2 protein chains.
Amino acid sequence: MFSLSEENYLKAIFHLERKYQAGVSTNALSEEMDTKASSVTDMVKKLSEKKLVKYKKYQGVKLSEKGRNAAVEVIRKHRLWEVFLVEKLNFNWDEVHEIAEQLEHIKSEKLTRELDRFLEHPSRDPHGDPIPDAEGNFSVSNKLLLSELEKGQEGICVGVKDSSSDFLRYLDKNKISLGKSILVKDKEPFDESMLVEIDGEKLRISNTISANLYIKI
Amino acid sequence: MFSLSEENYLKAIFHLERKYQAGVSTNALSEEMDTKASSVTDMVKKLSEKKLVKYKKYQGVKLSEKGRNAAVEVIRKHRLWEVFLVEKLNFNWDEVHEIAEQLEHIKSEKLTRELDRFLEHPSRDPHGDPIPDAEGNFSVSNKLLLSELEKGQEGICVGVKDSSSDFLRYLDKNKISLGKSILVKDKEPFDESMLVEIDGEKLRISNTISANLYIKI
DNA sequence: TCCTATTTTTAGTCTTATCTAAATTTAATT
DNA sequence: AATTAAATTTAGATAAGACTAAAAATAGGA
Ligand SMILES: [Mn+2]
Ligand SMILES: [Mn+2]
Ligand SMILES: [Mn+2]
Ligand SMILES: [Mn+2]
């Protein structure tokens, strides 16, 4: 249906729309895609001709209904494969993204459907991100960032905002994983660093860390 | 490492070398790849520059050691994925080839290794073809075609030569599957058709069928 | 409003993998 | 050995997706 490159652009536009709730700029897209702005313009024109995005010169792009569906389908596959790699193939959560970037482009509706069944219809991927169902519906949850909590508040770790290997391995090293309860023992006003308690262990974390951990109260 | 197209050419050369035990001709390769001969020449030159094949103008190609290793790795992945699709995802053996054609190009050594472990190191794919191990060793078996059997001989069905959907569905329809015992009750000299017995049921099959079923005595 | 910095688009190239048409080489047949 | 047929290679073109450099549009500040 769509080329690998087209799918990657659609996915990037989808993520950027969520992030900035506005038309996605050429530069933002070129940064996300790690390409030059001129390449983005070319592709955006093509996507526009295919009615996957709404595009007006100099005004950025928005996904059309058709484009959004395509993007969500790719995201669904990406996250299902991540679950597969972690749950069935012994991968760590910091190792799966790159491979899922490849697997998300495999074309077969039955494959996606059966993978979903095989994994028992997971609702979240290893990083806590929601997996859209076959109709494209995401389950929304009112999570917030750990950095938004105040001293004395407690919550469950439910996801990561950044899912770079470096961050995920930091979490592993400090025994922070999804599902764990985190209590804010203290918060330093000067640098926003926090003293938190996890499994009875105290740990000091910088704002860079706390601003990338999603919590549910 | 190698592009999707390069991998497909290497795989095709590998299969054709097995088939004709000789240098692979440009035309044979263009037929196998479903491209024009001129495209083959271009690609073969590229593979030759990369030392993946030995090529002399007008003399056909042979895989180098390096090329053979790459081809076998792709075949290993193809067959492991086919096993996965059938064993874990409820696919029928006639539905897996196309998807495996996509999956075989996913790049991750760990993925292949873990998939192999997850499937408990299968030695054959759903069509009875051997799965090379991580070092590229194939298990050889002295199978022969059903068409080579004489009246009165019996054997176990161990593989298919043709694995088109049409043929595999014919086999399903007639309850012929790998592992089944087949007895040749009669063989018609004129058209080489056979009367065979499977699970106590008699069935008449044409030479086109019997020449595509591998048997082990 | 005007000027400048930034953003975006256009124009022209490049690479990969294809194709068609033409030229060349090899193989087969007289 | 000469001729013809078949196989193979070369030459030139195309499409996708990327790039660089230059032009054009927009936005923000004086
Ligand atoms: Mn990911
Ligand atoms: Mn993820
Ligand atoms: Mn196959
Ligand atoms: Mn197979």
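The sequence lines fix the lettering, A, B, ..., with proteins before strands; numbering per chain opens at 1. Computed from a prediction, not measured in an experiment: that's the story for all the values here. All heavy atoms count here, side chains included; hydrogens, waters and symmetry mates do not.
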Rounded off to whole Å, could you give me the [atom1]-to-[atom2] distance for the [X] and [N] pair?
X       : N      : atom1 : atom2 : value
B:Glu31 : D:dT8  : CD    : P     : 12 Å
A:Asp34 : D:dA18 : CG    : P     : 11 Å
A:Tyr55 : D:dA25 : OH    : C1'   : 11 Å
A:Leu29 : D:dA18 : CG    : P     : 11 Å
B:Met33 : C:dT16 : CE    : C1'   : 14 Å
B:Met43 : D:dT10 : CE    : P     : 16 Å
B:Lys56 : D:dT8  : NZ    : C1'   : 16 Å
B:Asp42 : C:dT15 : CG    : P     : 15 Å

From the options [options], select the nucleotide whose nearest atom is closest to the side chain of [X].
X       : options               : value
A:Lys36 : C:dC19, D:dA7, D:dC19 : D:dC19
B:Tyr9  : C:dT18, C:dT9, C:dT7  : C:dT18
A:Tyr58 : D:dT9, D:dA18, D:dA24 : D:dA24
A:Thr41 : C:dT8, D:dT9, C:dC19  : C:dT8

### Task
Without swapping roles, check the side chain of A:Arg79 against the backbone of A:Pro130 for a donor-acceptor pair under 3.5 Å.
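Yes.
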### Query
Are the side chain of A:Glu148 and the backbone of A:Leu145 linked by a donor-acceptor contact shorter than 3.5 Å?
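Between the backbone of A:Leu145 and the side chain of A:Glu148 there is a qualifying donor-acceptor contact (under 3.5 Å).
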Classify [X] by what it touches in the nucleic acid, base, sugar-phosphate, or nothing, heavy-atom distance under 4.0 Å.
X       : value
B:Ser5  : sugar-phosphate
A:Thr26 : sugar-phosphate
A:Ser39 : base

### Task
Establish, from distance only, whether the side-chain atoms of B:Asp162 and B:Ser164 form a donor-acceptor pair under 3.5 Å.
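Judged by distance alone, the side chains do pair up.
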### Message
It should be established whether A:Asn27 places a side-chain nitrogen or oxygen under 4.0 Å from OP1 or OP2 of nucleotide C:dT6.
### Response
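Answer is no, no contact under 4.0 Å.
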### Message
Less than 4.0 angstrom between a side-chain N/O of A:Lys45 and OP1 or OP2 of C:dT9, yes or no?
### Response
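Answer is no, no contact under 4.0 Å.
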### Query
Do B:Glu31 and B:Lys36 sit within salt-bridge range, that is, some charged N less than 4.0 Å from a carboxylate O?
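No salt bridge links B:Glu31 with B:Lys36.
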### Task
Assess whether one donor atom and one acceptor atom, taken from the side chain of A:Ser38 and the base of D:dT20, lie less than 3.5 Å apart.
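In this structure, the two groups form a donor-acceptor pair.
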### Task
Map A:Lys57 and A:Thr35 onto DNA chain D by nearest heavy atom, then report which one ends up closer to the 5' terminus.
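Looking at DNA chain D, the more 5' nearest nucleotide goes with A:Thr35.
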### Message
Between A:His97 and A:His127 (judged by ring centroids, cut-off 6.0 Å), do the two rings come close enough to count as a pair?
### Response
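Here the rings of A:His127 and A:His97 have centres that are no less than 6.0 Å from each other.
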